[in-house]
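Here is the structure we will look at.
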Amino acid sequence: MSDTDSFIDEVTEEVRRDRMYLLLRRWGWVGVAAVVLIVGGAAFNEYRKSRDTAQAQALGDSILAALSENDSDARAAGLRDIEAQSPGGDAVLKMLLSASQVEAGSRDEAVNSLNAVARQGDLPEIYRAIASFKALLLQSDTLPAADRRQQFEALAAPGAPLRLLAEEQLALIDVSEGNVDAALDRLQALRQDAEVGIDLQQRAAQLIVALGGEPEPLVAQQG
């Protein structure tokens, strides 16, 4: 019986090997393809990281070279000639360009640079909000109050990243239009906001006093 069992085991093992070889011939390419995809994907990711790093370093070097110019016009010209390879890099570049344009006395060009960032839909909201906010501040003496109010109200929408700073600007517009009561109400509400920072809270209190009001006691925030 032992010889018979041994013979059966050998035959069974041979059948298993034949089946395995058949499966490998039929489906082995799947494993090879999977390995190729994994290795190729890893290599591509490394290439992409290396490329992005090189582009970021090149952009940084170009920006530093432009900012090293002593003359504001030369700085603006140098920044204007730089080409960024990513939306985020382009946004940073245009914001720096706008600052140099302001220093050079080209306020309209600075506004255009900032508005270009504000309209760039593939940027995170915070970039676009900052650019729009800075552009509005630069137009405080040239853009009608009604237009500035409309745009600041958009920036003050619930959940917007700069909504509290926009509320402060809306209060200043209220003051410029002689609507002191509306400004006081807005500033009092601003001071009580759960997300307000100390600096903005203090500025609001100072403006309330300057307008003849009295800052309301702060309500303790729960959370």
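In this chain, residues are counted from 1 in sequence order.
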- Message: On a heavy-atom basis, which atom in Leu143 and which in Arg148 lie closest, and how many Å separate them?
- Response: O-NE, 3.2 Å

- Exam field: side chain Gln201 to backbone Val196, donor-acceptor pair closer than 3.5 Å: no

- Message: Could you work out, with salt bridge (Lys or Arg N to Asp or Glu O under 4.0 Å) as the rule, every residue matching Glu153, not counting sequence neighbours?
- Response: none

- Counting only N and O atoms by type, is there a donor-acceptor contact under 3.5 Å from the side chain of Gln188 to the main-chain atoms of Glu214? yes

- Item | Stepwise side chain to side chain contact (heavy atoms under 4.5 Å, CB included) check, Ile208 with Arg191 | CA-CA 10 Å; Ile208 289 172; Arg191 293 186 67 246; 3.7 Å; yes

Below 3.5 Å, can you tabulate the donor-acceptor pairs from side chains in residues 165-182 to any protein atom, sequence neighbours excluded?
| residue | atom | partner | partner atom | Å |
| --- | --- | --- | --- | --- |
| Glu167 | OE1 | Arg186 | NH1 | 2.8 |
| Glu168 | OE1 | Arg203 | NH2 | 2.9 |
| Glu168 | OE2 | Arg203 | NE | 2.8 |
| Glu168 | OE2 | Arg203 | NH2 | 3.4 |
| Asp174 | OD1 | Arg149 | NH1 | 3.2 |
| Asp174 | OD1 | Arg149 | NH2 | 2.7 |
| Asp174 | OD2 | Arg186 | NE | 3.2 |
| Ser176 | OG | Ile173 | O | 2.7 |
| Glu177 | OE1 | Arg149 | NH2 | 2.8 |
| Asn179 | OD1 | Ala182 | N | 3.3 |

- Query: CZ/Arg80 to NZ/Lys94 distance, rounded to the nearest 0.5 angstrom?
  - Reply: 11.5 Å

- State the CG-CG distance between Leu97 and Asn112, to the nearest 0.5 angstrom. 10.5 Å

- Message: Check whether Gln192 reaches the backbone of Val219 with its side chain - one donor and one acceptor, N or O, closer than 3.5 Å.
- Response: yes

- Measure the CG-CG distance between Leu187 and Leu207 for me, rounded to the nearest 0.5 Å. 5.0 Å

- Closest heavy-atom pair and its distance - Arg163, Ala157: CB-O, 3.7 Å

- About how many Å separate CD of Glu109 and OG of Ser100, when rounded to the nearest 0.5 Å? 11.5 Å

- Item | Atom pair CG/CE of Asp90 and Met95 - distance to nearest 0.5 Å | 10.5 Å

- With rounding to the nearest 0.5 Å, note down the distance linking CG in Leu114 to CZ in Arg119. 10.5 Å

- Item | Presence of salt bridge, Asp71 and Arg75, under 4.0 angstrom | no

Using distance only, find each side-chain donor-acceptor pair of residues 121-138 under 3.5 Å and give its atom names and separation, not counting sequence neighbours.
| residue | atom | partner | partner atom | Å |
| --- | --- | --- | --- | --- |
| Arg128 | NE | Leu123 | O | 3.1 |

